[in-house]
Number of protein chains: 2
Amino acid sequence: MGIKERKSRAKEDLKKAILDAAKRLFSEKGFTATSMRNIAELIEFSPTTIYLYYKDKNEILFALHQEGFRLMQDKFSALQHVEEPFERLKAMGRMYLEFAEQNRDYYDLMFVMEEPVELCFKSDSEWEEGMTTYGGLYQTILACQQSGYFKGFEPHGLSLTIWSMVHGLCTLSATKRLEHMVDKKDMIPGLVIPKRTYVFETFVKMLERIN
Amino acid sequence: MGIKERKSRAKEDLKKAILDAAKRLFSEKGFTATSMRNIAELIEFSPTTIYLYYKDKNEILFALHQEGFRLMQDKFSALQHVEEPFERLKAMGRMYLEFAEQNRDYYDLMFVMEEPVELCFKSDSEWEEGMTTYGGLYQTILACQQSGYFKGFEPHGLSLTIWSMVHGLCTLSATKRLEHMVDKKDMIPGLVIPKRTYVFETFVKMLERIN
DNA sequence: AAAACTAATTAACACCGTTAACTTATCCAA
DNA sequence: TTGGATAAGTTAACGGTGTTAATTAGTTTT
């Protein structure tokens, strides 16, 4: 009786194919610009077929949102081998910036758009991916404090401060504010590295100089 | 020959009416959710009339974008009377947070959405409102440094770092990440103030403890 | 063989931003 | 004063959107 299983596997495959098509189109033209009909065309099914597998467009967004967090965690897991906690913290920051830059579409979904986050919490259970991701930062901050950094700070407040800073930098950079709003020309003479890198390094210097 | 003037005044009025209607609808239902037809209905003109006054929807966004910056500058001008520079800096931060919270729609337009910022720089002249707004922060940072704060930091790097942090906090809070993604329950025991205020105060403490 | 279930489709609804063509009113010069 | 230009606003239409209802075709079960 493998027929039923073959069919349910085929259904799973189609569901995955929809997601892959959506992902490809989203990263090519952005979320709002890609339509259900575009996705349908790519998988060579009729547009309404998608609705047999996903309740609506937001549910597709949510599925990719989850995939984004898994992707990010994969990327970050490599950093668990950096022993020195403050070094690890800095590496996490750089990696976060890199992830945001290289996966603009995922980043929007994960940390900017409102639609997917609503689906995370309408069932009021804990949201695992979110907690795990934040937990990685929090644990590193704790380790930093055990190594003598950031004395006298409450660790959650510190984690959220650092996250806010790096997130703000990512979004200002992605939305062109960092380069354009302030100054196109040589505001900072002799600056050769990207402005976001420069600002990040300034922040690191700030963290190093907390007494 | 006041007739011509009366007519051109009427045209100006209508242009303003379109903007007001757009503003109202935008703040009620958000940008993408309000259509040209919605705006038209509110001003009791046909939808296509709007195109006689604004090239397209983005041009309306841009006009409101500009209004947002004027509004922000008005709000901030009150702070020029705070003499002590670091006090002024802190007050600016609090006010920025407050502005973002109370004018979510403007804030999105000014610092999050991509569409309006493109119109700012397609003519590659300097963009006055942007420079003025940033300039307010930069001058305060300079004043802080003259009073002995933040020694050894390049002031632009510092300004952008602080801006990134506060902007990040505003957006994480507005998009529900701050409250929901991390922890619904008492992550920080005994926290009574809003989380964004708490994080802001942590950042201030950080700035105060730079040696 | 008939009935029930399943997967996918077509057709349709009510929107959207925007453009072209048309109407109506006003103005100005001959 | 009349005719043509000019201006302001409208209607109709195009090609798109997310989504739902009704329908077909194919398979499975009774």
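Naming: A, B, ... by sequence-line order, numbering from 1 per chain.
Residue side chain R37(A) reaches the base of dG18(D) through a donor-acceptor N/O pair under 3.5 Å, judged by distance alone.
The listed nucleotides are dA8(C), dG9(D), dT17(D); the one nearest the side chain of S35(A) is dT17(D). Set against dA8(D), dT10(D), dT18(C), the side chain of T49(B) has dT10(D) as its closest nucleotide.
At whole-Å resolution of the value, NZ in K55(A) and C1' in dG18(D) are 12 Å apart. In this structure, I50(B) atom CD1 and dA8(D) atom P are separated by 16 Å, rounded to whole Å. In this structure, Y51(B) atom OH and dT11(D) atom C1' are separated by 15 Å, rounded to whole Å. At whole-Å resolution of the value, NZ in K11(A) and C1' in dT6(C) are 8 Å apart. Atom pair L61(B):CG and dG17(C):P shows a separation of 11 Å (rounding to whole Å applied). Rounded to an integer number of Å, the gap from M36(A) CE to dA14(C) P is 20 Å.
Residues E154(A) and T202(B) have side chains that never bring a donor and an acceptor to within less than 3.5 angstrom of each other.
Backbone-only engagement by F45(A) is indicated by non-hydrogen atom pairs under 4.0 Å involving sugar-phosphate atoms exclusively. Across all strands shown, T32(A) has no heavy atoms under 4.0 Å from either base or sugar-phosphate atoms. Heavy atoms of Y53(B) sit under 4.0 angstrom from primed sugar atoms or phosphate atoms, though from no base atom. Using a 4.0 Å heavy-atom criterion, one finds that N38(B) contacts the sugar-phosphate atoms exclusively. Contacts of S46(B) with the nucleic acid, taken as non-hydrogen atoms under 4.0 Å apart, include base atoms. T48(A) comes within 4.0 angstrom of a base, heavy atoms only.
Contact between the side-chain N/O atoms of K57(A) and the OP1/OP2 oxygens of dT19(D) is not found at any separation under 4.0 Å.
For F69(B) and W127(B), the distance between ring centers is under 6.0 angstrom. Separation of the Y138(A) and W163(A) ring centroids does not fall under the 6.0 Å cut-off. For Y106(B) and F111(B), the distance between ring centers is not under 6.0 angstrom. Between H167(B) and Y107(B), the ring center distance clears the sub-6.0 Å criterion.
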